[in-house]
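Below, chain A is the first sequence line, B the second, and so on; all start at residue 1. Just so it is clear, the model here is predicted, and its values are computed rather than measured.
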Amino acid sequence: MENVEIARALNQVADLLELRNENPFKVRAYRNAARTVEGLSRRVAEMVEAGEDLEELPAIGKDMAAYITELVRTGRLKRLEELEQRVPQGLAELMHLEGVGPKKAMRLHEELGVSTVADLEKAIRAGEVETLRGFGRRSAARMLQAIRDYRRHGTRFKLSEADQLVQPILAHMRNAPGIEELEVAGSYRRRVETIGDVDLLAAARKPGPVIEHFAAYPGATRVESAGPTRATIVLHNGMHVDLRVVKPESWGAALHYFTGSKAHNIKVRWLGIQRGLKINEYGIFRETARDGGAARGTAARGKGGSTRGSAAARKSATARRSAAQRTAGRAAARKPATRHKAGPTLPRPRPHPGPVRLGGAREEDVFRAVGMDFVPPEMREDRGEVEAALRHELPRLVTLEDIRGDLQVHSTWSDGRDTIEAMVRAAKERGYEYIAITDHSPAVAVAGGLRPRDLARQWKEIDRVARKVKGIAVLKGMEVDILADGSLDLPDEWLERLDIVVVAVHSRMGMPQTKMTDRVIKGISHPGVHILAHPTGRIINRREPVRLDMDAVLEAAAELGVAVEINAQPDRLDVNDVHAMRARELGVLIAIDTDAHSVGDLRYMAYGVSQARRAWLEKRNVLNAMPLTRLEKWLAKRR
DNA sequence: GCCGTTTTCGGCCCGACTGTTTTCAGTCG
Ligand SMILES: Nc1nc2c(ncn2[C@H]2C[C@H](O)[C@@H](COP(=O)(O)OP(=O)(O)OP(=O)(O)O)O2)c(=O)[nH]1
Ligand SMILES: [Mg+2]
Ligand SMILES: [Mg+2]
Ligand SMILES: [Zn+2]
């Protein structure tokens, strides 16, 4: 069983527990466990088989370890099956609709017999939903819209698509009245390979006009919501764009909040609580002693100030503090400027000094307040970066500037669109020290694979270009196909004469896992091989990864001294961040290659570097961050 | 259900927007 399948089962349990109105912290425990499994660089199944102690993993305790073991051993989970018996099929699906959560889903089912999205649509059209207590015409209309959205666009957007799409919005927002700062936050800033929505953050003294300007964006089909500090619009292609606006003094805290990830935020805020601090998107606050327990039941003091108090005060107060009180505080905080008779029992003027603001103008303020080093956005996934930052042991992540060359590039000799000379010149312009020309081998006939005698001619051309274009080394390479039996698609005498050999699977992608794993390991075991390219073959949103025991492949690569590629094509990003992280742990070098098929594609390097950073890679982990002389030595040593 | 420079019990992030409400639950970021 794969990690994603285990994670899916645990998430399903969480959804069903939520529908059954279980303790929200228990629900979260299942989601946290799922996240751990999904972000794990190793196969949990293998860990179980090896008898390793799963309870050492974060968010995995006695129960979760047992559930995971059961899943691995039997392929089933009794806990899940029991819940499926008790909760009607389809209700979990209803929760995927925007604006429909566990409570509404359950009520729709209990009061209208709705248990599928189709049922819900019928009920809305029949006018049944709007008659429900707490529902109405508007919410029914909203649900109808949510159903349309759900059916239209299920998948997430590629990061590169988001990059395109964001440009005109940024251009529009730069003209917003009074805007002082503007940045894309969320998963986009963390450079996640796919993006659910675009999260924009702006700073302005007066947020109102900025929100209005945003809502008037010509590319929007509708405004989903708009309040005094935030708004959501929907673009023609279905992409949602969130805007949050704060005052400049809150810029850093807001950027931290809106960059996420959610799990990272929760962990950092919890560290704050343990240090007597409250961290939110407005800043970092310390509550004075007199401001704690006594004042808390009363209504809020507006944004940021509506603090819940010191850890000690919190402890004594939370017990006697009802949920109603909590929400009352929040509701009053909603419109602090416009509500004159704020909370129910607010005794103004209060003599106490109120919470002390410790910072929040800069993002570093948040980290410093809890004793952490600054964490680069790409690492903020709660995959150990918080603990590493507390120990001051964060890696020094590789940067685009560290990259000295590109080791997988195609030309017109196979399926590339630009000549060797053009590719070399473009590489030189990027400041590279070297570039490898790696056209396809014969078996990849659809991509114009080169036969050995073509290769001989190509080398003459490479020599000619190398003489003509000074200041960059041009390596003679090939992207050699790993055939179905694991042998390489080029005779040894030719392999030996290449400067660099990149190997990859391009056919028979549907093999069962053990066969595919044997095939790839046999492929890289050939002594002439330097780099394993796009190991899973996945195309994001289009083609599933091949079934491969990545752990076994990476262990073999470590033993053989073969490098593994992060293919920087934005629809590949293969290996992904999680596997690249495992490679690093095993001491496998990573080659970040653009697999460019035109000079323009060379810029994809940035996408590869982003994924490398998400994998915690440093310069020394990256093959093509080596200077030429070291690279040449490494290439020769492999022989 | 997990977890422990404060704990093996009692905590678990914190705030905005909507709709329908007359005081806030639900959902989402
Ligand atoms: N503190 C806190 N912050 C949250 C919570 N939910 C979301 N955020 C923050 C962190 C997120 O990165 C950011 C944007 O929310 P999104 O739902 O758009 O998530 P994100 O962009 O990370 O992923 P996405 O690709 O959009 O699915 O808002 C939460 O429950 N608590
Ligand atoms: Mg987002
Ligand atoms: Mg968002
Ligand atoms: Zn290829």
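Rounded to a whole angstrom, the distance from the P atom of B/dC13 to that of B/dT18 is 26 Å. The gap from the P atom of B/dG4 to that of B/dT8 amounts to 13 Å, rounded to the nearest Å. Atom name C1', nucleotides B/dC12 and B/dT6: the rounded distance is 15 Å, in whole Å.
Here B/dC12 is the nucleotide among B/dC12, B/dT27, B/dT18 with the atom lying nearest to any side-chain atom of A/R28.
Residue contacts for A/P24: at a heavy-atom cut-off of 4.0 Å it reaches no nucleic acid atom on any strand shown. Across all strands shown, A/N23 has heavy atoms under 4.0 Å from base atoms, whether or not it also approaches the sugar-phosphate. No engagement by A/R133 is indicated, since no non-hydrogen atom pair under 4.0 Å with the nucleic acid exists. Residue contacts shown for A/R31 are absent, as no nucleic acid heavy atom lies under 4.0 Å away. A/V268 comes within 4.0 angstrom of no nucleic acid atom, judged by non-hydrogen atoms across all strands. Within the nucleic acid shown, A/L97 comes within 4.0 Å of sugar-phosphate atoms alone, with no base atom in reach, counting heavy atoms only. Base contact: A/K262 has a heavy atom under 4.0 Å from a base atom. Note on A/N265: nothing from the nucleic acid sits closer than 4.0 angstrom, heavy atoms only. At a threshold of 4.0 angstrom between heavy atoms, the contacts of A/A226 are confined to the sugar-phosphate backbone, with no base atom among them.
Between A/K103 atom NZ and B/dC28 atom P there is a gap of 12 Å when expressed in whole angstrom units. Remark: P of B/dG1 and CD of A/E18 are 15 Å apart, rounded to the nearest angstrom.
Applying the salt bridge (Lys or Arg N to Asp or Glu O under 4.0 Å) criterion to A/R42, with sequence neighbours excluded, gives A/E52, A/D551. For A/H96, the side chain to side chain donor-acceptor pair (under 3.5 Å) criterion is met by no residue, not counting sequence neighbours. Partners of A/R391 by side chain to side chain donor-acceptor pair (under 3.5 Å), not counting sequence neighbours, listed by chain and number: A/E393. Considering only residues two or more places apart in sequence or on other chains, A/D63 meets the salt bridge (Lys or Arg N to Asp or Glu O under 4.0 Å) condition with none of them.
Across all strands shown, B/dT8 forms no Watson-Crick or G-U wobble pair with both distances under 3.5 Å.
Sorted by first and then second residue, the ring-ring contact (aromatic ring centres under 6.0 Å, His included) pairs with a member in residues 196-246 of chain A read A/H172-A/H213, A/H172-A/Y217; sequence neighbours excluded.
For A/Y257 against B/dG29, a side-chain-to-base donor-acceptor contact under 3.5 Å is present. On a pure distance criterion of 3.5 Å, no polar donor-acceptor pair joins the side chain of A/D197 and the base of B/dG29.
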Given the rule in the side chain to side chain donor-acceptor pair (under 3.5 Å) test, do A/S160 and A/D163 qualify, once you have shown the distances and angles that lead to the verdict? CA-CA 5 Å; A/S160 55; A/D163 268 324; over 6 Å; no
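In the displayed structure, A/R133 atom CZ is contacted under 6.0 Å by at most 12 heavy atoms of other residues, nucleotides or ligands.
Residue A/L277 is tested with A/V366, A/L358, A/V356 for a side chain to side chain contact (heavy atoms under 4.5 Å, CB included); the sole match is A/L358.
In terms of position along DNA chain B, the nucleotide closest to A/R138 lies nearer the 5' end than the nucleotide closest to the other residue of the pair A/R138 and A/H96. For A/R269 and A/K104, each mapped to the nucleotide of DNA chain B holding its nearest heavy atom, the one lying further toward the 5' end belongs to A/R269.
A/Y67 has no side-chain polar atom (N or O) that falls below the 4.0 Å cut-off from OP1 or OP2 of B/dC2. Residue A/K278 places at least one side-chain N or O closer than 4.0 Å to OP1 or OP2 of B/dG15. For the pair A/T229 and B/dC17, the criterion of a side-chain N or O lying under 4.0 Å from OP1 or OP2 is met. Dashed line: the shortest gap from a side-chain N or O of A/R142 to OP1 or OP2 of B/dG19 is under 4.0 Å.
Using a cut-off of 4.0 Å between Lys/Arg side-chain N and Asp/Glu carboxylate O, A/E70 and A/R76 are scored as not salt-bridged.
Residues from residues 37-56 of chain A with heavy atoms under 4.0 angstrom of DNA chain B: there are none.
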